[in-house]
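Comments concern the structure below.
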Amino acid sequence: MAKEIIKVVEVTKNYGEVAVLKGINLQIYEGEIVAIVGSSGAGKTTLLQILGTLDQPSSGKIYIEGNDISNLKGNVLSDFRNEHIGFVFQFHHLLPEFTALENVCIPAWIGKANRKETEKRALELLKFLGVDHRKDNKPSQLSGGEQQRVAVARSLINSPKVVFADEPTGNLDSANAKELHDLFFQLREKFSQTFVIVTHNEELANSVDRIIQIKDGVTI
């Protein structure tokens, strides 16, 4: 049986009087590619941000590899996030003043990893993702598809337990979106990587291992 990576127990999230999440329970297992879907305002991104420790639930518990992240705060939480979690966003969020290679390395450098070993792994990831020839280019010199591949490499640099992707194909044309879909599955095959993806892209959602649908703040 696959190892449980994430366990969510009765998670709620309120913004003032508005209840966005109303008691979410779910499990995600190692090597799974899971899509979170639902209409706008259903709570998909809110759930993803809470799972990724970027936001805190109003109540409930979240465990990542058995660690109760609800109790982590400050630098301890930041260190846990950097070590165990990767992120891919719709708009890449690459730092414009750094090269592609440097952008990939930054999370590892923040974690005080060895510089040479980090650059070696970054180059391996860029090569696997087909953009190693762009390693010395800055984001403004890259196409949208290339920027997103660099962002994926960055999300993987610390060998995270799970990568959270928020509308990763939302800013890509259909050809680049299809290539990114395929890359997620290749990365799962090579690294047993777990992905949790918020998406409106039906083709991506229909190709994953499991769909978690959110409606009115609960999973259905």
- Nearest-0.5 Å distance, CG of residue Leu187 to CG of residue Leu180: 9.0 Å
- Task: May I ask you to establish whether Arg210 and Phe195 are in a cation-pi arrangement, using a distance under 6.0 Å from NZ or CZ to the six-membered ring centre and at most 45° from the ring axis?
- Result: no
- Message: When you measure from the side chain of Gln193 to the backbone of Pro160, do you find a donor-acceptor pair of N or O atoms at a distance under 3.5 Å?
- Response: yes
- Does Lys13 make a cation-pi contact with Tyr15 (under 6.0 Å, within 45 degrees of the axis)? yes
- Hydrophobic cluster partners of Phe98 (side-chain heavy atoms under 4.5 Å): Leu95, Ile106, Trp109, Ile110
- Task: Kindly write out the residues that satisfy salt bridge (Lys or Arg N to Asp or Glu O under 4.0 Å) with Glu179, not counting sequence neighbours, or none if the list is empty.
- Result: Arg149
- Answer yes when Asp216 and Lys22 have at least one side-chain N-carboxylate O distance shorter than 4.0 Å, and no when they do not. no
- Message: If I take atom NZ from residue Lys3 and atom OG1 from residue Thr194, how far apart are they, to the nearest 0.5 angstrom?
- Response: 9.5 Å
- Message: Return the CD1 to OG distance between Ile85 and Ser155, rounded to the nearest 0.5 Å.
- Response: 12.0 Å
- Query: Do any N or O atoms from the side chain of Lys44 and from the backbone of Gly38 form a donor-acceptor pair under 3.5 angstrom?
  - Reply: yes
- Message: Using a 6.0 Å cut-off, check whether atom CD of Glu97 has over 12 heavy atoms from anything other than its own residue.
- Response: yes
- Item | Salt bridge flag under 4.0 Å for residues Arg188 and Glu32 | no
- Would you find a donor on one side and an acceptor on the other, under 3.5 Å apart, between the side chain of Thr12 and the backbone of Ser59? yes
- Message: Would you say that Asn103 contacts Pro139 through its side chain, given a criterion of any heavy-atom pair below 4.5 Å between the two side chains?
- Response: yes
- Short question: side chain of Asn67, backbone of Ile64 - any donor-acceptor pair under 3.5 Å? yes
